[in-house]
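Let me begin by presenting the structure, written as structure tokens, before commenting on it.
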Amino acid sequence: MSEILLNYINGAWQRADSPYQSVRNPATASVLAEVPLTPAQTVAQAVECAHAAFLEWQRVPAPERIQYLFRLKFLLEEALDDLARTITNECGKTYAESVGELRRGIENVETACGIPVLMQGYNNEDVARGIDEHMIRQPLGVTAAITPFNFPAMIPLWFLPYAIATGNTFILKPSERVPITSAKLFALIDRLNLPKGVLQLVNGGKETADALLDHPLVRAISFVGSTPVAKYVYSRAAANGKRAQCQGGAKNPVVIMPDADMEMTTRIVADSAFGCAGQRCLASSVAITVGEARHVFTESIADAALSRVVGYGLQEGVQMGPVISAESKARIESLIAKSASEGAQPLVDGRGKTVRGYEDGYWVYPTVLTDVPPESETAHTEIFGPVLSLMHARDIDEAIRLVNARRYGNMACIFTASGAAARQFRAEANAGNIGINVGVAAPMAFYPFSGWGESFFGDLHGQGKHGVEFYTQTKVVVERWYRGWSRQF
Ligand code: NAD
């Protein structure tokens with residue numbers, strides 16, 4: 001009998017009266033738990049609790065609010081191993097990758113502990129005679145996040161710490177494909193003794209998300225997921241008068257110049273393209289070789305793809321786990337087949353393979369496609385699997401044109417020994433996160449996660465100062481005090 005997952009509402013665990021969906025381990029296809037698809041009336045109950053909690057929480061001094069986050073950081077460190085194993089079991093990535101994502105999530109808790117400074121406003125004395133002016137930041141109210149499957153711990157932590165540190169209350173709707181990590185995260189949160197309703201968890205899919213998007217007391221929505229859903233969430237939130245930041249999909253190009261250190265470049269690009277089975281919004285999925293880089297890189301990346309150890313992420317030595325579901329495996333394999341029909345060559349083909357002892361898992365091995373036509377669907381579609389497409393350019397100008405020909409703008413990277421090439425790339429590449437001799441240019445918690453184009457809808461990104469601005473509204477106070485008033489009144 002698998003575990004029945006609960007919602008966390010008003011400081012207590014609640015069983016939802018709703019349909020349930022099975023959560024599977026993608027390495028074994030075995031059922032780990034049943035997740036509720038929480039209906040709108042239960043979401044409304046959570047939102048009302050969050051609103052009642054907000055009325056008190058907003059007045060708790062920021063230095064007091066962050067004490068809960070210091071404790072959360074401690075509990076997360078203590079539970080790191082168990083959380084990492086949980087992530088691997090429900091999401092498929094390797095244990096080391098799970099630890100890595102937890103570290104990046106914890107970094108956001110640490111950064112949000114600086115809120116007393118980060119949310120300071122500014123002021124001027126004597127903007128006119130006897131008149132002072134101040135800007136102060138105040139929280140919005142009830143806020144919510146709708147998060148994807150591929151980082152079950154890190155992505156909720158991109159938002160949750162900033163939301164409550166700034167004085168909001170917060171509801172998480174995690175991906176229904178990886179809800180166990182959130183259940184464990186909220187078991188830690190339960191030990192914080194936060195006032196009831198400050199942090200809540202509602203499980204579910206579209207209907208649950210829609211209930212948050214439509215409830216008038218929800219003031220801000222943070223979303224991370226695929227581009228079509230990001231667009232939908234952004235427009236529905238905006239139509240309902242909410243603030244929204246919606247991070248979408250990606251197709252990240254990496255340019256390899258002939259002067260790059262080929263050994264290092266191959267290792268880093270292979271980790272970027274095949275790490276987390278390519279299911280990262282910052283995975284490199286198109287490698288554009290320039291000039292003579294073509295032959296040597298093609299050979300070395302094919303070797304790296306063939307030698308990557310694929311298997312169950314809790315086993316020693318495994319470098320890549322399965323993809324998230326049978327549907328995802330089928331979709332990735334059909335896109336590889338499509339690429340061949342568009343003229344690409346599967347130099348390394350990861351279809352139709354399995355892992356001994358884990359024959360029911362959702363395996364797609366590293367795949368390298370060469371001669372991908374720049375205008376083809378393969379060159380532009382987010383595959384979200386361990387598939388690297390190779391293209392070629394004569395010089396850096398042509399490579400940058402290829403980089404900028406895509407609708408996404410999450411990340412673009414260059415590998416080179418030339419400062420001038422790196423500088424040109426930094427200036428001209430249309431992407432919000434740039435890597436220079438770096439394959440996964442993931443901003444630290446104190447920098448915004450700056451997607452551009454169809455990778456982001458909104459203006460204030462997640463993390464750091466952007467996160468603080470997103471979760472606060474500015475109030476400007478113009479004030480006059482006359483000497484002698486206190487005597488008059
Ligand atoms: P998804 O869009 O399928 O789901 C994301 C969330 O939206 C889930 O919580 C899901 O329940 C909910 N959802 C799904 N369909 C919905 C609908 N019609 N209406 C309302 N809510 C809906 O994404 P996923 O498959 O879980 O995640 C993978 C995607 O996320 C990839 O495209 C990846 O690039 C993207 N991603 C982007 C970033 C980034 O920072 N830009 C980070 C991680 C993942």
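Whatever order the structure lists ligands and atoms in, that order sets their numbers, starting from 1. Along the sequence shown, residues carry numbers from 1. Fair warning: this is a prediction, and the values are worked out from it, not measured in the lab.
- For the atom pair Gln41 CD and Thr38 OG1, the distance stands at 10.0 Å (nearest 0.5 Å).
- Compare Gly225, Ser325, Ala230, Pro148 by their heavy atoms: the one nearest to atom 35 (C) of ligand 1 is in Gly225.
- Atom numbering of ligand 1 starts at 1 in the shown order; those under 4.0 Å from a heavy atom of Tyr232 are 19 (N), 20 (C).
- Looking at Lys242 and Asp214, no side-chain N of the basic residue comes within less than 4.0 Å of a carboxylate O on the acidic one, giving no salt bridge.
- Within the 4.0 Å heavy-atom criterion, the part of Ala209 lying near ligand 1 is the side chain and not the backbone.
- Protein heavy atom closest to atom 28 (C) of ligand 1, with residue, atom name and distance, is Phe384 CE2, 3.5 Å.
- Using a 4.5 Å heavy-atom threshold, the side chains of Leu213 and Val233 count as touching.
- Proximity of Pro179 to Glu90: side-chain heavy atoms (C-beta onward) are separated by under 4.5 Å at one or more points.
- Distances below 4.0 Å separate heavy atoms of Thr147 from the following atoms of ligand 1: 6 (C), 8 (C), 9 (O).
- With a 4.5 Å cut-off on side-chain heavy atoms, Val255 and Thr416 do not count as touching.
- Taking every non-hydrogen atom of Ile155 and a distance limit under 4.0 Å, the qualifying atoms of ligand 1 come out as 42 (C), 43 (C).
- Contact atoms of ligand 1 toward Asn410: 41 (N) (distance under 4.0 Å to a heavy atom of the residue).
- Contact check on Glu107 versus Arg103 returns no salt bridge, with no Lys/Arg side-chain nitrogen under 4.0 Å from an Asp/Glu carboxylate oxygen.
- Shown in contact with Gly249 at under 4.0 Å from a heavy atom are these atoms of ligand 1, numbered in order with element: 32 (O), 34 (O).
- At a threshold of 4.0 Å, the pair Lys329-Glu333 counts as salt-bridged, since one of the basic side-chain nitrogens sits closer than that to a carboxylate oxygen.
- Those atoms of ligand 1 that come under 4.0 Å of a heavy atom in Asn150, given as number and element, are 43 (C), 44 (C).
- Of all protein heavy atoms, the one lying nearest to atom 13 (N) of ligand 1 is Val229 CG1, 3.9 Å.
- With Gln14 contributing its side chain and Asn7 its backbone, the two residues share no donor-acceptor pair below 3.5 Å.
- For ligand 1, the atoms closer than 4.0 angstrom to any heavy atom of Glu176 are 10 (C), 11 (O).
- Under 4.0 angstrom from ligand 1, the non-hydrogen atoms of Val224 come from both its backbone and its side chain.
- In this structure, the side chains of Tyr312 and Asn25 come closer than 4.5 Å at one or more pairs of heavy atoms.
- Contact annotation for Glu382 and ligand 1: only side-chain heavy atoms (C-beta onward) come within less than 4.0 Å of the ligand.
- Contact check for Val198 versus Tyr68: no side-chain heavy atoms found under the 4.5 Å cut-off.
- Contact annotation: the side chain of Ile180 never approaches that of Asn89 to less than 4.5 Å [non-hydrogen atoms, C-beta and beyond].
- Summary of contacts: the protein heavy atom closest to atom 41 (N) of ligand 1 is Gly248 O, 2.8 Å.
- Around atom 39 (C) of ligand 1, the closest heavy atom drawn from Cys281, Ser455, Pro179 belongs to Cys281.
- The closest heavy-atom contact to atom 7 (O) of ligand 1, among the options Phe223, Phe449, Tyr408, comes from Phe223.
- With a 4.0 Å heavy-atom cut-off, ligand 1 is reached by no atom of Phe151.
- At the shortest separation from atom 18 (N) of ligand 1 among protein heavy atoms lies Lys206 CD, 3.4 Å.
- Within the structure, the closest approach of Trp158 to ligand 1 falls below 4.0 Å when heavy atoms are considered.
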Inset, instruction - Mind running side-chain contact (heavy atoms from CB on, under 4.5 Å) on Phe384 and Val323 for me, showing each step along the way? - result: CA-CA 9 Å; Phe384 220 55; Val323 298; over 6 Å; no

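- The side-chain heavy atoms of Met119 and Tyr471, taken from C-beta on, include no pair separated by under 4.5 Å.
- Scanning all protein heavy atoms for the shortest distance to atom 2 (O) of ligand 1 gives Ser226 OG, 2.6 Å.
- The closest protein non-hydrogen atom to atom 12 (C) of ligand 1 is Ile146 CG2, 3.9 Å.
- A 4.5 Å side-chain heavy-atom check between Pro253 and Leu402 finds every atom pair outside the cut-off.
- Scanning Lys251, Glu454, Arg177 for the heavy atom closest to atom 24 (P) of ligand 1 points to Arg177.
- The protein non-hydrogen atom at the shortest distance from atom 26 (O) of ligand 1 is Phe149 N, 3.1 Å.
- Salt bridge annotation for Glu454-Arg406: absent, with no cationic side-chain nitrogen under 4.0 angstrom from a carboxylate oxygen.
- Atoms of ligand 1 found under 4.0 Å from any heavy atom of Gln247 (numbered from 1 in listed order, with element): 39 (C), 40 (O), 41 (N).
- Within the 4.0 Å cut-off (strictly below), no protein heavy atom is located near atom 4 (O) of ligand 1.
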